[in-house]
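One structure is given below, encoded as structure tokens.
Index from 1, following the sequence. What you see is a predicted model, and the numbers here were worked out from it, not measured in a lab.
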Amino acid sequence: MLNAFSDNLFEERKITKRTFALYTGLFLVMIIGIYSYFIVLQKSFIWEGDGYSQHYLIFKDYLSSIRSFLAQPSAGFQFWDWSIGMGSDLFAAYGYYVLGDPFVYLGLLFPVSMTELAFHVLVLLRVYCIGAAFLTYCRRMNVSSSGALVGTMMYTFTFYVILNVTRHPFFLMPMIFFPLLCLGIEKILHNESNLLFIFMIFISACSNFYFFYMLSVLIFIYAVIRYFHLYGMKKMKLLFHYIWKSVYSYLIGLLLSGFLFMPIVWGFLQSSREPGKFASGLTLYPVKYYFSLIANLFVSERYLWTLFGFSAFVLLLIPILWIRRKTFGFISSSLALFSIMLLLPAFGSVMNGFAGPYNRWTFVLPMFFSLGAAMLYNQRFHLEKKELKAMGCMLTLYSLVMILIGSVIGFRLAYAMPIFFALVLFVLLVVANKQRAAQSLTRKGKQLYSAALLVLIMGNLAYNAMDYYYPWGQDTLDLSLDYGTVDEDYLMTFDQLEQELPESKDISRIGVTSKDNHVKNQMVGLNQMGLNSYLSVTNGAISDFARLMETGQFQLIQPLRNGFDDRRVANNVLGVRYIITKAANEKYLPYGYDVVKETDSNYIVAETQDYFPFAYANTTYLTKESIKKLNPIERELFLSYGVILDSESDKVKELDAFNQELSVDEVEHQIISADSTKATVEQNEIHVIENNGTIELVLDDPSAVQNAEVYVYLEGLDFTPKVSDPLTGTPTSYSAKVAFGEQKKTIYQSNLLSFSSYFKRTKMLFNMGYQEGNAQEDTISIQFSKAGEYKIEDITVLSVPLDSTYSDRVAEKRDQQLMIETFDNHTVSGSIDLSVPSILTTTIPYTKGWKAEVNGEKVETIQVNEGFIGIPLQAGPSNVTFTYQTPFLRLGIGASLLGLVLVIFNTLFWNKPGKKTT
């Protein structure tokens with residue numbers, strides 16, 4: 001039995017069903033070896049960061065939406081969800097994660113109570129399919145079974161996969177798609193059916209538009225290199241034939257995906273994402289990046305999303321790729337091109353959709369290295385002396401380079417382990433080939449050497465994974481949630497206080513304070529209306545509103561995070577009636593929010609009566625051009641008086657332009673250094689000598705901020721660090737912390753190299769809360785975390801005195817509110833009776849998907865308050881109905897139907913197999 005198993009595993013046979021069965025066995029051995037410790041410690045694959053806030057929560061919520069639709073199809077599918085931020089299109093919000101991922105739908109096979117188990121099973125199923133896809137590609141490329149199994153292990157358990165099992169499970173999908181896309185190209189280049197390529201384009205475009213973009217570029221590179229490898233320059237006339245067939249096949253696949261692809265891309269194009277400067281303005285990466293290209297080749301570490309972590313067997317492969325470059329052909333050419341692309345940020349930016357130069361496209365590298373390793377393994381007993389010598393030289397050179405790099409960036413045992421594994425692999429190859437040359441290598445000896453090589457390669461890959469996960473390595477296992485706790489964690493976000501809020505016909509939202517950093521997407525799990533969202537694709541109009549109000553907590557994918565910095569009017573206008581937080585955060589409640597309930601676990605509920613209606617009429621306006629002339633606190637305060645219109649053309653007759661004074665005062669103060677040994681002040685520059693240097697704003701008249709809300713406003717910010725690290729480049733990140741009375745607020749400037757979240761803050765606005773009439777504080781401190789030069793054009797202290805007429809203005813809005821009769825995920829409808837023409841102002845996030853009817857007639861919506869939907873109304877009674885339909889969905893369905901027709905036409909007429917080529 002054992003001999004039969006060895007024959008099947010190590011003999012040079014074609015890939016068959018038995019090979020896939022052997023792969024399944026080896027896969028299970030690796031999974032048990034790597035992940036059994038998760039079971040021992042009762043740890044999940046759910047990362048406490050995005051795994052908790054996004055991936056599992058969205059997976060669970062989307063399955064719930066599908067189940068609800070299947071249970072009651074007549075109600076229609078939920079295209080809009082009020083619990084995602086302030087409300088969001090489901091395609092736009094979830095298209096990046098779950099909508100087109102075929103594995104997600106397998107979650108419906110599990111009962112609701114086993115959703116967490118389903119999440120884990122499907123992650124491992126993705127990993128299994130990664131290897132199965134690569135093995136299928138190897139069969140097409142005529143790689144013998146034994147080498148293919150080795151290559152499949154290397155491909156399946158490369159660091160890119162190990163990382164994303166617990167970090168971003170949907171990032172695993174391109175590892176499945178790329179080999180199958182390449183297989184589709186192979187069929188086209190050999191005059192066979194194009195249906196596989198069409199199908200893979202379809203499923204890739206549905207799955208994730210971000211990776212589909214990268215896959216499109218990479219498959220183009222593969223097709224070009226592969227064509228010239230197969231046909232060279234002599235058959236250029238064939239090139240146009242293959243270009244035509246590939247292009248129309250690609251377009252058919254893209255059309256088929258239209259029902260998902262078009263709405264999802266629409267969501268991305270109207271999102272808060274911004275590309276910034278091409279390659280973030282970088283010509284070269286920091287020096288550390290280039291060190292990492294070598295240091296991270298065979299270890300489970302990364303830098304700027306450049307992921308390697310290959311088996312040490314690749315070290316022995318590298319010189320062979322050059323020596324046998326004709327044999328390895330397109331593998332050597334592709335890896336040479338990719339190596340060049342890794343050197344320059346410009347390529348990283350292009351591959352990242354012309355945004356920051358992250359190298360997430362490096363998921364492609366394992367396929368070529370693994371294919372080359374498979375071919376080398378199949379030649380393991382047929383290596384020449386010069387090839388073995390080249391392997392030895394490469395091993396020696398790498399060892400010396402790692403000693404040098406280790407002396408610069410620090411040494412870890414993990415850096416030595418690839419050398420150990422490569423050395424043992426190298427010795428085995430040398431001894432086996434010497435025995436073969438001496439004709440003393442028996443069949444049993446071949447099996448033993450083959451088994452030893454396979455075990456070492458798998459052991460190397462397992463060690464890399466363990467170094468990443470386990471406590472004796474990087475201990476990222478500690479960043480995973482305990483298994484079985486995640487659902488309860490969502491339910492206890494607010495100690496279940498949200499369930500005890502009184503029922504009301506009013507549509508209102510639940511808010512948090514600036515200290516509730518942990519609240520991101522939990523409102524989705526609680527099925528409550530709030531403000532916060534933390535998604536890769538977020539409504540750009542909401543982002544524009546946050547920017548106009550200059551909220552200090554703004555981030556590109558979290559525009560309304562942290563309770564809008566506890567700003568009273570903003571929370572009121574956005575309809576926040578309740579704020580739930582810990583009792584320790586009570587001092588950060590906006591003025592007017594009074595505690596009405598406290599639990600034994602120290603959570604509180606605060607309520608205000610000054611929250612604005614969901615939709616109300618305004619007769620006073622300012623244009624966006626006019627509002628931008630005001631400071632951000634004046635802009636916010638104006639919202640209690642009227643509505644911001646994009647232009648004069650949006651207003652209706654008899655609307656009044658706002659012409660009153662807004663009660664926002666500047667408070668005179670002196671700027672001094674708290675400790676001249678740590679920070680000094682010179683005109684518009686602050687010299688921070690040591691980290692956490694502090695300056696102070698001494699108020700000339702402390703009574704000017706009594707019975708008032710106080711803000712500190714920094715304008716014209718520019719930071720030059722004291723020290724620039726020669727390895728990591730110029731650090732652009734720092735934080736500014738302002739303290740006044742009991743309030744402490746911090747705003748963070750991210751680093752340029754955090755490309756996804758970076759934008760330069762030239763202004764910072766700190767809300768220091770409401771100051772009581774007996775407050776005696778006269779000093780505001782500003783602490784800067786990093787040493788360096790801070791140029792600041794102006795530091796302003798703003799005071800907003802308590803306004804006795806504010807509640808009256810809110811009451812007026814209530815008198816002019818839309819009396820809502822229907823409110824669900826498709827429709828908002830109600831009635832209103834106006835004495836004069838007005839603008840109906842809502843807190844529905846602005847998108848083209850919301851359509852409006854007034855008294856049965858369609859009317860165009862307009863964008864109001866920079867981020868929301870409004871409609872002009874005439875005097876008299878109006879029945880208003882808003883209905884939602886995902887933009888481009890119908891067009892996308894039409895495109896899919898056209899694609900289906902073209903598939904049929906292609907199958908009947910265009911897809912006639914020609915003469916096969918070899």
Side-chain donor-acceptor distances from residues 418-435 under 3.5 Å, at least two apart:
residue, atom, partner, partner atom, Å
Asn433, OD1, His382, N, 3.3
Asn433, OD1, Leu383, N, 2.9
Asn433, OD1, Arg436, NH2, 3.2
Asn433, ND2, Arg380, O, 2.8
Asn433, ND2, Leu429, O, 2.8
Gln435, NE2, Tyr449, OH, 3.0

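- Of the N and O atoms on the side chains of Tyr213 and Asn352, not one donor lies less than 3.5 Å from an acceptor on the other residue.
- Note on ring orientation: taking the six-membered ring where Trp is involved, the planes of Tyr377 and Phe313 are perpendicular (angle over 60°, cut-offs 30° and 60°).
- When side chains are defined from C-beta on, Ile162 counts as touching Phe157, because their heavy atoms get closer than 4.5 Å.
- Between Tyr289 and Asn359, the closest side-chain pair of non-hydrogen atoms falls below 4.5 Å.
- Across Phe347 and Met341, no two heavy atoms sit closer than the pair CB-O, 3.3 Å.
- Note that CG of Leu321 and CG of Leu376 are 8.5 Å apart. Values are rounded to the nearest 0.5 Å.
- Counting only heavy atoms from C-beta outward, the side chains of Phe220 and Val224 approach each other to under 4.5 Å.
- To the nearest 0.5 angstrom, Ser399 atom OG is 12.5 Å from Leu404 atom CG.
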Worksheet item: Going through the distances and angles, do Phe338 and Trp361 end up as a ring pair (Phe, Tyr, Trp, His ring centres under 6.0 Å)?
Response: CA-CA 10 Å; Phe338 294 143; Trp361 62 271; 5.7 Å; yes
Worksheet item: Would Phe328 and Leu317 count as a side-chain contact (heavy atoms from CB on, under 4.5 Å) if you check the C-alpha gap in whole Å, the side-chain angles of each, and the deciding distance to 0.1 Å?
Response: CA-CA 11 Å; Phe328 288 91; Leu317 168 67; 4.1 Å; yes
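- Between Ser216 and Phe212, the closest side-chain pair of non-hydrogen atoms falls below 4.5 Å.
- Aromatic pair Tyr469/Tyr37: centroids not less than 6.0 angstrom apart.
- Side-chain N or O atoms of Ser349 include none that pairs as donor or acceptor with a backbone N or O of Pro345 at under 3.5 Å.
- Tyr415 contributes atom OH, which lies 6.5 Å from atom CE of Met402 (distance to the nearest 0.5 angstrom).
- In terms of the salt bridge (Lys or Arg N to Asp or Glu O under 4.0 Å) criterion, residue partners of Arg324 (sequence neighbours excluded) are, by chain and number, Glu387.
- The shortest distance between side-chain heavy atoms of Leu753 and Tyr303 falls below 4.5 Å.
- The main-chain N or O of Leu456 is never found under 3.5 Å from a side-chain atom of Asn460 such that the two would form a donor-acceptor pair.
- Contact of the Tyr227 side chain with the Tyr242 side chain is registered, since non-hydrogen atoms from C-beta on lie closer than 4.5 Å.
- For Arg412, the salt bridge (Lys or Arg N to Asp or Glu O under 4.0 Å) test picks out Glu301, Asp467, with sequence neighbours left out.
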Check residues 173-185 and write down every donor-acceptor pair under 3.5 Å in which the side-chain atom is one partner and the other belongs to a residue at least two apart or another chain.
none

Discussion item. Apply side-chain contact (heavy atoms from CB on, under 4.5 Å) to residues Leu230 and Leu189 and explain how you reach the verdict.
Written reply: CA-CA 9 Å; Leu230 288 172; Leu189 291 177; 4.0 Å; yes
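- Side-chain atoms of Ser144 never come within 3.5 Å of backbone atoms of Gly147 as a donor-acceptor pair (strictly under, hydrogens ignored).
- For the pair Thr19 (side chain) and Thr16 (backbone), a donor-acceptor distance under 3.5 Å is present.
- The distance from atom CG of Leu388 to atom CG of Leu316, rounded to the nearest 0.5 Å, is 9.5 Å.
- Less than 6.0 angstrom separates the ring centroid of Phe211 from the ring centroid of Phe171.
- Between Phe45 and Phe38, the distance separating the two ring centers is shorter than 6.0 angstrom.
- Summarising the geometry, atom CZ belonging to Phe363 is positioned 14.0 Å from atom CG belonging to Leu163; distances are rounded to the nearest 0.5 Å.
- In this structure a side-chain-to-backbone donor-acceptor pair under 3.5 Å is present from His190 to Glu186.
- Checked against ring pair (Phe, Tyr, Trp, His ring centres under 6.0 Å), Phe134 has the following partners two or more places apart in sequence or in another chain: Tyr155.
- A heavy-atom distance below 4.5 Å is found between the side chains of Leu342 and Thr362.
- Thr136 places a side-chain N or O within 3.5 Å of a backbone atom of Ala132 that can act as its donor or acceptor partner.
- Atom CD1 of residue Ile15 and atom OG1 of residue Thr152 lie 7.0 Å apart, to the nearest 0.5 angstrom.
- Below 30°, between 30° and 60°, or above 60°: for His168 and Trp305 the angle between ring planes is between 30° and 60°, a tilted geometry.
- Between Phe119 and Trp47, the ring centre distance reaches or exceeds 6.0 Å.
- Considering only residues two or more places apart in sequence or on other chains, Tyr398 meets the ring pair (Phe, Tyr, Trp, His ring centres under 6.0 Å) condition with Phe298.
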Discussion item. Does Phe159 form a ring pair (Phe, Tyr, Trp, His ring centres under 6.0 Å) with Tyr468? I'd like the steps, not just the answer.
Written reply: CA-CA 9 Å; Phe159 178 49; Tyr468 177 68; 5.3 Å; yes
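- Annotation: side chain of Asp50 is in contact with side chain of His55 (closest heavy-atom distance under 4.5 Å).
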Worksheet entry | Full working for side-chain contact (heavy atoms from CB on, under 4.5 Å) between Leu297 and Val314 | CA-CA 9 Å; Leu297 270 173; Val314 169; over 6 Å; no
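- Thr156 contributes no side-chain N or O that, together with a main-chain N or O of Ile130, makes up a donor-acceptor pair within less than 3.5 Å.
- Between the side chain of Tyr290 and the backbone N or O of Leu284, no donor-acceptor pair lies under 3.5 Å.
- Taking the six-membered ring where the residue is Trp, Tyr222 and Phe368 present tilted rings, their angle falling between 30° and 60°.
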